[in-house]
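Worksheet: one structure, shown below.
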Amino acid sequence: MRWTAWVIGAWLATMAAAAAQSGQAGADPVVLVRDGEARCAIVVQTDGEPQLLEAAKLLADYIHQSTGAEPPVSEQPPGDDSLVQIHIGATSYVRGLQPALPWRDLDEEGFLIAFPQPDRIVLIGGAATGTRFAVCEFLERYVGVRWLMPGPFGTHVPQRRTIEVPTENVREEPAFLSRQLSGLNSPDEKDWSQFARLRGRIKFHHQLIRLFPPSVYAQTHPEFFPLIDGKRRLPSSDSDYKWQPCFTNPAVAQEAIHKICEYFDQHPGAVSYSLGVNDTRTESWCQ
């Protein structure tokens, strides 16, 4: 039964791939590189965040790694009308496509890959992060780049002489609001997390040690700290995390409310605040 299910699944996947290829056959693809020669230019939004220029350079770099071609990156359209223009972000051309190109209603991590004209391609997200994700998707779909794990040994760039892109619009938005793997801290790991479209948008990590730092509260409010075996357990320093505040003390809750409201007043763009408990064992909890 397992073998039969595998065969049926493989057959269905093959039929789906054939159907997708046949559906693309009727439209003329856009040629970005022909025989190692760049047939495209990358135009990047001028008034955007630095991340947009980085995304444009990322696209150019991987096309170069794959084909040897070097598409120019500029804030202005190229003077050569024979080149396909790949617009990154809300360039003046893209802004002129409103409302026919509905990108302003995208989630900040959502994106569009659109083909409004035979010689124009648009890669744009609801924010700069979404635009970078659009570039990553473009490189995976049409260049064949794979980021299998962090670092150069996990990166696969197929060697090609020609890149042709089917003119089918792509619209994607995150199915999960927040996607995060803790511990990706090195430069290679941080790059890979973006290639994998990882981004934590909800704060949830251990936070109570920061909400009630002992250097501030140990002397002024010792009752905030746990009572264990009849003795008050005062942390030795702000790096001593082996404790929890006294959750049954109403003053603890009131102080947390005050500080969290203050945080949102100072950071109006924030969407969450972590109330994650400190990383310790239950015997360190207040009795």
Side-chain angles (χ1 to χ4, degrees), residues 20-21 23-145 160-173 197:
Q21 291 178 356
Q24 296 173 1
D28 292 332
V30 179
V31 179
L32 304 185
V33 177
R34 175 77 73 190
D35 296 328
E37 179 183 351
R39 300 289 184 89
C40 64
I42 300 170
V43 186
V44 63
Q45 176 182 344
T46 56
D47 56 351
E49 303 177 38
Q51 191 176 0
L52 295 176
L53 181 58
E54 294 172 6
K57 291 180 177 179
L58 184 76
L59 178 61
D61 178 57
Y62 275 103
I63 290 176
H64 174 66
Q65 289 185 48
S66 177
T67 67
E70 298 186 42
V73 177
S74 175
E75 297 178 350
Q76 300 296 329
D80 187 350
D81 292 337
S82 68
L83 295 177
V84 173
Q85 296 179 20
I86 306 176
H87 287 258
I88 307 294
T91 64
S92 57
Y93 168 75
V94 173
R95 290 194 294 269
L97 296 174
Q98 285 282 20
L101 191 67
W103 52 270
R104 293 191 184 276
D105 61 342
L106 287 166
D107 179 83
E108 62 186 70
E109 294 178 0
F111 59 82
L112 288 174
I113 300 175
F115 303 84
Q117 294 178 240
D119 58 351
R120 298 287 190 276
I121 302 175
V122 174
L123 280 65
I124 188 168
T129 301
T131 300
R132 182 181 175 89
F133 288 170
V135 169
C136 294
E137 180 71 20
F138 190 90
L139 288 168
E140 285 188 333
R141 279 179 179 253
Y142 307 126
V143 184
V145 179
R160 325 172 51 162
R161 296 292 292 169
T162 297
I163 296 177
E164 297 183 342
V165 178
T167 56
E168 295 182 345
N169 292 345
V170 176
R171 179 187 176 105
E172 289 197 4
E173 298 202 76
R197 272 64 119 206

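FYI, the numbering just counts along the sequence from 1.
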If you compare all heavy atoms of [X] against all heavy atoms of [Y], which two are closest, and at what distance to 0.1 Å?
X	Y	value
Val143	Ile163	CG2-CD1, 4.0 Å
Phe115	Glu168	CE1-O, 3.3 Å
Val43	Pro77	CG2-CA, 3.9 Å
Ala41	Pro78	CB-CG, 3.6 Å
Val73	Ala60	CG2-CB, 3.7 Å
Val31	Val84	O-CG2, 3.8 Å

Kindly indicate whether the side chain of [X], heavy atoms from C-beta on, has any atom under 4.5 Å from the side chain of [Y].
X	Y	answer
Val44	Leu53	yes
Arg161	Arg34	no
Thr162	Asp35	yes
Phe138	Ile121	yes
Leu32	Arg39	no
Glu109	Glu173	no
Ile63	Pro71	yes
Ile42	Leu59	yes

Looking at [atom1] of [X] and [atom2] of [Y], how far apart are the two atoms once the value is rounded to the nearest 0.5 Å?
X	Y	atom1	atom2	value
Glu37	Glu70	CD	CD	12.0 Å
Thr167	Ile113	OG1	CD1	13.0 Å
Glu75	Leu52	CD	CG	11.0 Å
Ser92	His87	OG	NE2	7.5 Å

Please walk me through it: do Leu97 and Arg95 pass side-chain contact (heavy atoms from CB on, under 4.5 Å)?
CA-CA 5 Å; Leu97 296 174; Arg95 290 194 294 269; over 6 Å; no

Would you say the side chains of Glu140 and Tyr62 form a donor-acceptor pair under 3.5 Å?
no

Tell me, with the steps shown, if Cys40 and Leu83 meet side-chain contact (heavy atoms from CB on, under 4.5 Å).
CA-CA 5 Å; Cys40 64; Leu83 295 177; 5.7 Å; no

Is a side-chain N or O of Gln45 found less than 3.5 angstrom from the main chain of Ala90, in a donor-acceptor match?
yes

Is there a donor-acceptor pair closer than 3.5 Å between any side-chain N or O of His64 and the backbone N or O of Gly68?
yes

Show every donor-acceptor pair shorter than 3.5 Å between a side-chain atom in residues 124-137 and any protein atom, with sequence neighbours excluded, or say none if there are none.
from	atom 1	to	atom 2	distance (Å)
Thr131	OG1	Gly125	N	2.9
Thr131	OG1	Ala127	O	3.3
Arg132	NE	Gln194	OE1	2.6
Glu137	OE1	Arg197	NH2	2.7
Glu137	OE2	Arg141	NE	2.5

Please determine whether side-chain contact (heavy atoms from CB on, under 4.5 Å) holds for the pair Tyr93 and Arg120, giving the CA-CA distance in whole Å, both sets of side-chain angles, and the decisive distance to 0.1 Å.
CA-CA 10 Å; Tyr93 168 75; Arg120 298 287 190 276; 3.3 Å; yes

Lys/Arg cation over aromatic Phe111: Arg171, 6.0 Å, 45° cone
no

Going by the side chain to side chain contact (heavy atoms under 4.5 Å, CB included) test, name the single residue among Leu101, Leu112, Ile88 that passes it with Val94.
Leu101

